[in-house]
**Q** 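Dropping the structure in here first, questions after.
From a predicted model like this one, the values you see are computed outputs, not experimental measurements. Here, residue 1 is the first one in the sequence, and each next residue gets the next number.
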Amino acid sequence: ETEGLRVPITNSTNSSESTEWDNKNLICNVKFYKGRSPNPSVYFLENREYYELRANVFGYGDDHVRFALLSKGCLEWLLQQAKSKKKKSNESVWWPEIIHCNDWHTALIPLILRQKIKSNIPTLLTIHNLLYQGLGSLRILDLLNMKEEETKELKKDSDKKSWICADQDFVKQAWRT
């Protein structure tokens, strides 16, 4: 479990009164549930403002912000876990063999993974509802500290696109298979 995980972001969409933001970091906690065999162990990312104080999972005006931060927070936690374990011992560090993303809510993970983390972890994107693909402003990429050269292909035609198409190489590869 991790308390006080700092997820670096650009503070462009939140008021200065929020207690969840700390000098351009979103503050989260990571909780761990150890499943009994054959059930998997599961990690949960917590943030009071964006997840815990909400009565529903969907349907808020800031859904795109919330799920972009969820994606960034998950990957930031992976990076911090790897760094802290390397410092503590010489033993190998757990790293996922594949990351399974579900719907538009986590569709930014492949883009962040390749552009910011420079990782080649395979990703799988499952689409459950083609009627709603997370069409939203790509300005959210600024919140995630994505540089212009990392997103210029994506922003080429319009400022609003489905996040499912966020990682152009990922989408092209998916259509080929």
**Q** Could you report the tightest heavy-atom contact between Ala107 and Pro110, atom names first, then the distance?
**A**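 It is O-CD, 3.2 Å.
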
**Q** Got a sec, which hydrophobics cluster with Val42, joining ILVMFWY side chains under 4.5 Å apart, including via others?
**A** Tyr33, Phe44

**Q** Would you please classify the geometry between the His105 ring and the Phe58 ring as parallel, tilted or perpendicular, with 30° and 60° separating the classes?
**A** tilted

**Q** Taking atom CD1 of Ile99 and atom CG of Leu78, what is their separation to the nearest 0.5 Å?
**A** 5.5 Å

**Q** With a cut-off of 6.0 Å (strictly less than), are more than 12 heavy atoms of other residues, nucleotides or ligands near CG of Asn39?
**A** yes

**Q** So which heavy atom on Trp95 is nearest to which on Ile121, and how close?
**A** NE1-CD1, 2.7 Å

**Q** Measure the CD-CG distance between Gln81 and Leu5 for me, rounded to the nearest 0.5 Å.
**A** 8.5 Å

**Q** With sequence neighbours excluded, tell me which residues meet side-chain contact (heavy atoms from CB on, under 4.5 Å) with Pro122.
**A** Ile98

**Q** Under the rule for side-chain hydrogen bond (donor to acceptor under 3.5 Å, both in side chains), what residues qualify as partners of Thr126, not counting sequence neighbours?
**A** His100

**Q** Closest approach of Val7 and Glu76, non-hydrogen atoms and distance?
**A** CA-CG, 4.2 Å

**Q** Of all residues at least two apart in sequence or in a different chain, which pass the salt bridge (charged side-chain N to carboxylate O under 4.0 Å, His left out) check with Asp63?
**A** Arg66

**Q** Enumerate the residue pairs fulfilling salt bridge (charged side-chain N to carboxylate O under 4.0 Å, His left out) with a member in residues 26-38, sequence neighbours excluded, ordered by first and then second residue.
**A**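 Salt bridge (charged side-chain N to carboxylate O under 4.0 Å, His left out) check on residues 26-38 returns Glu1-Lys31, Glu3-Lys31.
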
**Q** Using every non-hydrogen atom in the two residues, find where Leu75 and Leu113 come nearest and quote the distance to one decimal.
**A** CD2-CD1, 3.8 Å

**Q** If we only count heavy atoms from C-beta on, is the Trp104 to Ile127 side-chain gap below 4.5 Å?
**A**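 Contact flag for Trp104/Ile127 side chains = no.
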
**Q** For the side chain of Gln80 and the backbone of Thr2, is there at least one donor-acceptor N/O pair under 3.5 Å apart?
**A** no

**Q** Can you see which heavy atom on Ile27 is nearest to which on Gly4, and at what distance?
**A** CG2-CA, 3.9 Å

**Q** Less than 4.5 Å apart, any side-chain heavy atom of Leu124 and any of Cys101?
**A** no

**Q** With side-chain hydrogen bond (donor to acceptor under 3.5 Å, both in side chains) as the rule and sequence neighbours excluded, what pairs involving residues 51-61 come up?
**A**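 Counting only pairs at least two positions apart or across chains, the side-chain hydrogen bond (donor to acceptor under 3.5 Å, both in side chains) contacts touching residues 51-61 are Arg54-Asp62.
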
**Q** Tell me the closest heavy-atom pair linking Leu45 and Cys74, and the distance in Å.
**A**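 So the minimum-distance heavy-atom pair works out to CD2-N, 4.1 Å.
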
**Q** Rounded to the nearest 0.5 Å, how far does CD1 of Ile109 lie from CG of Leu125?
**A** 9.5 Å

**Q** Tell me whether Asn47 contacts the main-chain N or O of Cys28 through its side chain, where contact means a donor paired with an acceptor under 3.5 Å.
**A** no

